[in-house]
Number of protein chains: 2
Amino acid sequence: MATLADVARRAGVSTATVSRIINNSPKPVAEALRERVLAAVAELQFVPNANAQQLARADRTAVGVIVHDVSDPYFAEITRGLQRVATDHGRLVIICNSYRDPERELAYVDLLHAHQTAAIVLAGSGYVDAPITARLDGKLRLYQSTGGRVSVIGRHEHAGDAVVPENEPGGYLAGDALYRLGHTAVGVIAGPRHLTTTTDRLAGLRRAAKEHGHRLGAKQVVYADFDRNGGAAAAATLLEQNPGLTAIAALNDSMAVGALACLRERGIDVPGQVSLIGFDDMPISVDVTPPLSTVRLPLEEIGVRAMSLALRDGDREGPLVEHAAAKLVLRGSTAAPPAR
Amino acid sequence: MATLADVARRAGVSTATVSRIINNSPKPVAEALRERVLAAVAELQFVPNANAQQLARADRTAVGVIVHDVSDPYFAEITRGLQRVATDHGRLVIICNSYRDPERELAYVDLLHAHQTAAIVLAGSGYVDAPITARLDGKLRLYQSTGGRVSVIGRHEHAGDAVVPENEPGGYLAGDALYRLGHTAVGVIAGPRHLTTTTDRLAGLRRAAKEHGHRLGAKQVVYADFDRNGGAAAAATLLEQNPGLTAIAALNDSMAVGALACLRERGIDVPGQVSLIGFDDMPISVDVTPPLSTVRLPLEEIGVRAMSLALRDGDREGPLVEHAAAKLVLRGSTAAPPAR
DNA sequence: ACCCCCTAGGTAAGCGCTTTCCCGGCAGGT
DNA sequence: ACCTGCCGGGAAAGCGCTTACCTAGGGGGT
């Protein structure tokens with residue numbers, strides 16, 4: 001592998017000169033030399049070693065992103081926003097999938113720290129477990145103390161900036177919509193128990209229930225894993241446990257789509273017999289039949305904002321917290337409960 | 001930031017010893033010392049600088065992945081496979097989105113090269129433009145000559161290993177299915193012209209047409225961009241340009257879903273009046289109404305294999321090329337053309 | 001009791017680059 | 001003609017780590 005020194009030797013100059021030229025540093029260099037060096041660079045196909053550069057410069061260029069799973073549409077959309085901003089700033093993005101495993105997330109924070117990334121964006125990280133949260137927070141603070149920037153998507157309970165999606169209000173919106181339509185027997189397909197996304201959205205739903213004079217019993221809430229098949233299975237359980245069920249709220253659209261499939265399979269008309277509402281407003285939600293009513297979260301925008309926070313040259317005027325509003329989107333999967 | 005030297009000083013040992021301990025090198029170290037050092041590491045919250053480590057060790061750990069767009073379900077699924085294998089091997093993955101822009105792709109190859117990644121996996125890179133392909137190939141070869149491994153998903157026209165999805169045969173499968181059902185007026189929603197994925201799939205379709213005594217005229221092929229809305233627009237154009245159309249083949253499922261929406265909007269029954277077939281078998285394809293007939297490609301598996309190739313400690317017994325078979329999946333969106 | 005060898009730990013030379021400092025030479029001012 | 005000041009370029013000291021090589025003891029063998 002050609003090194004800077006090789007180029008210097010070839011061009012008959014010092015390494016300092018070569019370095020200045022390839023980084024076009026402010027220091028002026030005679031045109032003739034510059035050309036000779038550039039020629040040598042081309043001949044030797046010199047590609048500077050980024051590790052050495054970073055070490056010598058002590059600067060940080062890449063930014064790390066930790067998400068649950070890029071292939072999940074929810075995170076895919078957030079990631080798209082993150083990437084766009086990073087690219088605009090000329091930053092390399094390192095994406096890490098934690099697969100919702102707190103330990104892996106912890107390990108990735110260390111890894112990104114070790115690799116001297118300029119910033120870490122934590123997407124969808126919100127664990128109910130307090131010790132985990134504390135450990136995560138500790139690592140993030142350490143990272144910050146070495147000059148790294150931290151930006152979190154989700155609850156603001158960590159060091160660093162945050163953009164928080166309004167999960168609780170969103171849950172309320174979904175519940176309120178259902179109760180307003182006249183439903184009284186509603187079931188909930190929740191996400192994984194250990195995620196605050198789940199608990200927050202559920203809390204909103206409970207608040208709506210309470211406000212309308214109802215409550216969500218244990219049998220009315222089934223926990224799943226935020227993906228389609230889990231949603232289908234949960235819908236089946238819900239139907240079984242609650243004979244008079246007229247509405248289902250799924251805590252994300254993937255599960256809602258699964259539920260829809262389950263309902264269709266059993267010949268249950270949506271929304272004629274059972275209403276269904278999702279959460280997130282994934283691109284697919286509009287393409288299923290009936291199109292899914294849901295609570296929209298501006299996912300890509302959330303990504304954009306989170307990365308912007310991570311990249312701001314914040315002279316520490318304290319962490320910034322932004323909110324991303326949830327919005328009710330009524331489509332064809334919700335209606336009044338059947339008369340009887 | 002605490003450095004190795006700080007830890008050494010704190011523990012009253014040399015940096016060599018600390019290094020040996022934190023890397024638990026084979027060289028034996030007295031238990032007392034080890035503990036003292038580990039204590040110092042903990043107190044100082046020492047996180048080794050990965051750049052310095054890589055520089056000193058001259059080893060390569062991370063692997064780079066260049067895809068068109070992780071948030072596109074097609075690549076999301078491939079990426080999932082890639083990630084899984086990389087993680088199993090304890091490798092950090094750097095994901096780069098080229099957004100189908102060859103120049104960006106070129107730039108990323110340089111970047112990953114500079115960062116001393118152990119391997120580069122190029123997913124979905126296949127450009128029709130020869131100069132581009134040549135430049136890409138040049139860069140990849142250079143990278144390889146410095147010890148990097150290259151694995152490509154797509155046509156095998158580059159240096160390195162490859163897993164090639166059977167795009168042409170897949171296109172044939174789709175076309176053959178339609179013609180066998182008795183369709184004669186079929187329209188095609190193609191992808192971007194500059195991608196070989198498009199040209200290959202289209203070639204398969206043309207071969208099927210020819211074999212059945214038909215041919216695809218210029219008006220029967222509309223180019224779009226591989227995403228939903230492009231598919232919808234293309235379907236509209238197709239309908240307009242071909243009054244007697246009874247079948248549409250979309251070169252991927254996203255566009256097929258868009259086409260489906262367009263058809264529904266115009267009150268055209270699928271498959272009663274127009275049959276529709278997609279490509280890829282995305283997870284959503286089963287959830288639209290009617291469920292989409294398509295040509296399945298084992299995307300996640302392709303990712304798994306590509307990463308396995310990239311990570312094999314290939315003692316250069318020449319590049320390996322694997323094929324991934326396309327398989328016809330008939331669901332509800334295809335039927336015989338309406339009698340008249 | 002002596003020698004040898006093995007072992008635990010240290011010394012220091014890099015890895016490939018950046019950047020500070022320094023130096024030689026040239027032009028311009030007096 | 002001499003001095004000053006400036007400018008292009010080089011020497012070399014790191015950046016934070018790894019590792020080949022070396023050294024000082026201590027234990028065992030005779």
Side-chain angles (χ1 to χ4, degrees), chain A residues 1-38 40-41 44-62 110-111 113-118 146-148, chain B residues 1-38 40-41 44-62 110-111 113-118 146-148:
Chain A
M1 251 195 50
T3 70
L4 228 216
D6 296 334
V7 175
R9 209 169 304 126
R10 190 97 154 87
V13 298
S14 75
T15 59
T17 304
V18 178
S19 173
R20 288 188 190 112
I21 292 177
I22 63 173
N23 296 302
N24 43 24
S25 85
K27 190 137 191 184
V29 174
E31 199 48 39
L33 259 198
R34 148 167 285 113
E35 277 169 21
R36 224 166 68 224
V37 169
L38 256 21
V41 165
L44 265 38
Q45 310 212 69
F46 171 65
V47 177
N49 181 323
N51 284 324
Q53 284 187 309
Q54 295 220 147
L55 185 57
R57 289 198 190 125
D59 65 350
R60 302 154 159 242
T61 56
D110 275 346
L111 196 75
H113 180 162
H115 278 267
Q116 313 296 112
T117 51
T146 68
Chain B
M1 251 195 50
T3 70
L4 228 216
D6 296 334
V7 175
R9 209 169 305 126
R10 190 99 154 87
V13 299
S14 74
T15 59
T17 305
V18 178
S19 174
R20 287 188 190 112
I21 292 176
I22 63 173
N23 295 304
N24 43 22
S25 87
K27 192 138 191 182
V29 173
E31 199 47 39
L33 257 200
R34 150 167 283 113
E35 277 169 21
R36 222 164 71 222
V37 169
L38 257 21
V41 166
L44 264 38
Q45 310 213 67
F46 172 64
V47 177
N49 182 323
N51 285 322
Q53 284 186 309
Q54 295 221 145
L55 186 56
R57 287 199 192 125
D59 65 350
R60 302 155 158 241
T61 56
D110 275 345
L111 197 74
H113 180 162
H115 277 268
Q116 312 296 111
T117 51
T146 68

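Note: CG (A:Leu4) to C1' (D:dA12) measures 15 Å, nearest angstrom. Atom pair A:Glu31:CD and D:dG9:C1' shows a separation of 15 Å (rounding to whole Å applied).
For the residue pair B:Leu4 and B:Phe46, the shortest heavy atom distance occurs at N-CE1, 3.4 Å. Between B:Val29 and B:Arg34, the shortest heavy-atom contact is O-NH1, 3.7 Å. Here the closest non-hydrogen pair linking A:Val7 and A:Val37 is CG1-O, 4.2 Å. A:Ala114 and B:Pro48 make their closest contact through CB-O, 3.4 Å (heavy atoms, listed as atom of the first residue, atom of the second, distance). Residues B:Thr15 and B:Ala5 come closest through the heavy atom pair CG2-CA, 3.9 Å.
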### Task
Kindly determine whether B:Arg60 and B:Thr146 satisfy side-chain contact (heavy atoms from CB on, under 4.5 Å), including the steps that lead there.
CA-CA 11 Å; B:Arg60 302 155 158 241; B:Thr146 68; 3.4 Å; yes
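Sorted by first and then second residue, the pairs that involve residues 18-31 of chain B and meet side-chain hydrogen bond (donor to acceptor under 3.5 Å, both in side chains), not counting sequence neighbours, are B:Ser19-B:Asn23, B:Asn23-B:Arg57. Residues in residues 9-18 of chain A take part in these salt bridge (Lys or Arg N to Asp or Glu O under 4.0 Å) pairs, two or more places apart or across chains: A:Asp6-A:Arg9, A:Arg10-A:Glu43.
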Distances under 3.5 Å between nitrogen or oxygen atoms of protein and nucleotides 23-26 of chain D:
none

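Within the 4.0 angstrom heavy-atom criterion, base atoms lie near A:Ala16.
Interatomic distance, CD of B:Gln53 versus CG of B:Asp59, reported as 8.5 Å (0.5 Å rounding). A:Gln54 CD to B:Asn51 CG: the interatomic distance, rounded to the nearest 0.5 Å, is 4.5 Å. The structure places OG1 of A:Thr61 at 12.0 Å from NE2 of A:His115, a figure rounded to the nearest 0.5 Å.
Residue side chain A:Lys27 reaches the base of D:dG9 through a donor-acceptor N/O pair under 3.5 Å, judged by distance alone.
Both B:Ser14 and B:Ala58 lie close to DNA chain C; mapped to their nearest nucleotides by heavy-atom distance, the more 5′-ward contact belongs to B:Ser14.
Contacts of residues 17-24 of chain A with DNA chain D (heavy atom under 4.0 Å): A:Thr17, A:Arg20.
Across its full length, the helix from C:dA1-D:dT30 to C:dT30-D:dA1 shows an angle of 50° between the axes of its 5 terminal pairs at either end, rounded to 10 degrees.
Taking the side chain as every heavy atom from C-beta outward, A:Thr3 and A:Asn49 never approach each other to under 4.5 Å.
Heavy-atom contacts of chain B under 4.0 Å fall on DNA chain C between two terminal nucleotides, which in 5' to 3' order are C:dA8 to C:dG16.
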